[in-house]
J.: 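What follows is a structure written as structure tokens; I'll ask about it next.
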Amino acid sequence: MREIKYLAGQNVFEIGAKSGSVYIVIEGRLTMETIIEIDNFFRFPVSKTEWEVRKRTRRIQYKLQELRRADIFGHEELLIGIDRRTRVRALTDCKLIYINRDELYKTFPAA
């Protein structure tokens with residue numbers, strides 16, 4: 001395990017990044033966010049018997065949770081083996097400890 005520091009506003013990781021570490025918050029506050037897509041469908045008459053359907057997709061940043069001292073994050077995607085589905089950003093100056101995937105599996109072998 002190693003220690004790492006982030007300044008307020010810095011991202012720990014972004015959506016779509018490779019999942020390679022598990023983090024534990026030692027001090028500070030972070031926010032975990034994701035992007036959700038909302039589809040809206042609109043129907044317009046184009047003649048007496050025909051309608052046109054248009055789709056509009058909006059992307060909205062959504063706050064999932066606030067992370068504080070002793071919270072663990074980043075483990076879900078790592079264990080499932082997928083890319084990051086969330087963004088984690090420091091709200092204040094933060095100190096974290098982390099363990100990389102290889103070190104984690106040396107200590108706790110996958111079954």
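Along the sequence shown, the residues carry numbers beginning at 1.
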J.: Taking Ile36 as the starting point, is it possible to reach Val88 by hopping between hydrophobic residues whose side chains are less than 4.5 Å apart?
T.: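 Yes, Val88 and Ile36 fall within the same hydrophobic cluster.
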
J.: Can you tell me if CZ on Arg29 sees more than 12 non-hydrogen neighbours from other groups inside 6.0 Å?
T.: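 For Arg29, atom CZ is crowded (more than 12 foreign heavy atoms under 6.0 Å).
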
J.: To check you understand the geometry: which heavy-atom pair defines the closest contact between Asp83 and Glu77, and what is its length?
T.: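 Residues Asp83 and Glu77, closest heavy atoms: O-CG, 3.6 Å.
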
J.: Examine distances only and state if a side-chain atom of Glu50 and a backbone atom of Ser47 form a donor-acceptor pair shorter than 3.5 Å.
T.: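 Side chain of Glu50 to backbone of Ser47, a donor-acceptor pair under 3.5 Å: no, none is there.
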
J.: Rounded to the nearest 0.5 Å, what's the gap from OG on Ser21 to CD on Glu103? Could you check?
T.: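 If I round to the nearest 0.5 Å, the distance is 8.0 Å.
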
J.: Quick one: sort the Tyr98 and Tyr23 rings into parallel, tilted or perpendicular, breaks at 30° and 60°.
T.: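 Correct class here is tilted.
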
J.: Is a donor on one side and an acceptor on the other found under 3.5 Å between the side chain of Asn11 and the backbone of Arg89?
T.: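 Checking the backbone N and O of Arg89 against the side chain of Asn11, no donor-acceptor pair under 3.5 Å is found.
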
J.: Do Phe108 and Val22 land in one hydrophobic cluster if side-chain heavy atoms of ILVMFWY residues count as linked below 4.5 Å?
T.: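 Linked within one cluster.
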
J.: What pair of heavy atoms forms the shortest contact from Thr92 to Gly28, and how long is it?
T.: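 Reported closest heavy-atom pair: OG1-CA, 3.4 Å.
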
J.: Should Ile38 and Leu64 be regarded as members of a common hydrophobic cluster, given that ILVMFWY residues are connected when their side-chain heavy atoms come within less than 4.5 Å of each other, either directly or indirectly?
T.: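 Yes; Leu64 is reachable from Ile38 via cluster members.
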
J.: Find out if a path of hydrophobic residues (ILVMFWY) with successive side-chain heavy-atom gaps under 4.5 Å connects Phe13 to Tyr6.
T.: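 Phe13 clusters together with Tyr6.
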
J.: If I take atom NZ from residue Lys5 and atom NZ from residue Lys95, how far apart are they, to the nearest 0.5 angstrom?
T.: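 Separation between the atoms: 5.0 Å.
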
J.: Kindly indicate whether the side chain of Phe73, heavy atoms from C-beta on, has any atom under 4.5 Å from the side chain of Thr86.
T.: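 When only atoms from C-beta onward are counted, Thr86 and Phe73 do not touch, as no gap falls below 4.5 Å.
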
J.: Search all heavy atoms of Thr57 against all heavy atoms of Lys55 and return the closest pair with its distance.
T.: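 Thr57 and Lys55 have their closest heavy atoms at OG1-CE, 3.3 Å.
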
J.: Does Ile35 sit in a hydrophobic cluster with other residues, and if so which ones, taking ILVMFWY side chains as linked at heavy-atom separations under 4.5 Å, directly or through other members?
T.: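 Other cluster members: Ile15.
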
J.: Could you tell me which residues satisfy side-chain contact (heavy atoms from CB on, under 4.5 Å) with Arg101, sequence neighbours excluded, listed by chain and number?
T.: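 Only Leu78, Tyr105 meet the side-chain contact (heavy atoms from CB on, under 4.5 Å) criterion with Arg101.
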
J.: State whether the number of non-hydrogen atoms from other residues, nucleotides or ligands found under 6.0 Å of Glu3 atom CD is greater than 12.
T.: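 For Glu3, atom CD is crowded (more than 12 foreign heavy atoms under 6.0 Å).
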
J.: Less than 4.0 angstrom from a charged side-chain N to a carboxylate O is my criterion; do Lys63 and Glu33 meet it?
T.: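 No, no charged N to carboxylate O under 4.0 Å.
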
J.: For Asp71 and Arg68, which heavy atoms make the closest approach, and how far apart are they?
T.: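 That closest heavy-atom pairing would be OD2-N, 2.7 Å.
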
J.: Does Thr34 reach the main-chain N or O of Arg85 with its side chain, forming a donor-acceptor pair under 3.5 Å?
T.: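 The answer is yes, because a donor-acceptor pair under 3.5 Å joins these two groups.
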
J.: Applying the 4.5 Å side-chain criterion to the ILVMFWY set and letting contacts propagate, would Ile4 and Met32 be lumped into a single cluster?
T.: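 Looking at the clustering, Met32 is in the same group as Ile4.
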
J.: Here's one to test your reading of the geometry: is the NZ or CZ of Arg56 within 45 degrees of the ring axis of Phe42 and under 6.0 Å from its centre?
T.: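 The answer is no, since Arg56 fails at least one limit relative to Phe42.
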
J.: Quick one: CD1 on Ile97 to CE on Met1, what's the gap to the nearest 0.5 Å?
T.: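 Nearest 0.5 Å value for the CD1-CE distance: 4.0 Å.
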
J.: Is there a side-chain contact between Leu96 and Leu30 (heavy atoms, below 4.5 Å)?
T.: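 They are in contact (side-chain heavy atoms under 4.5 Å apart), so the answer is yes.
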
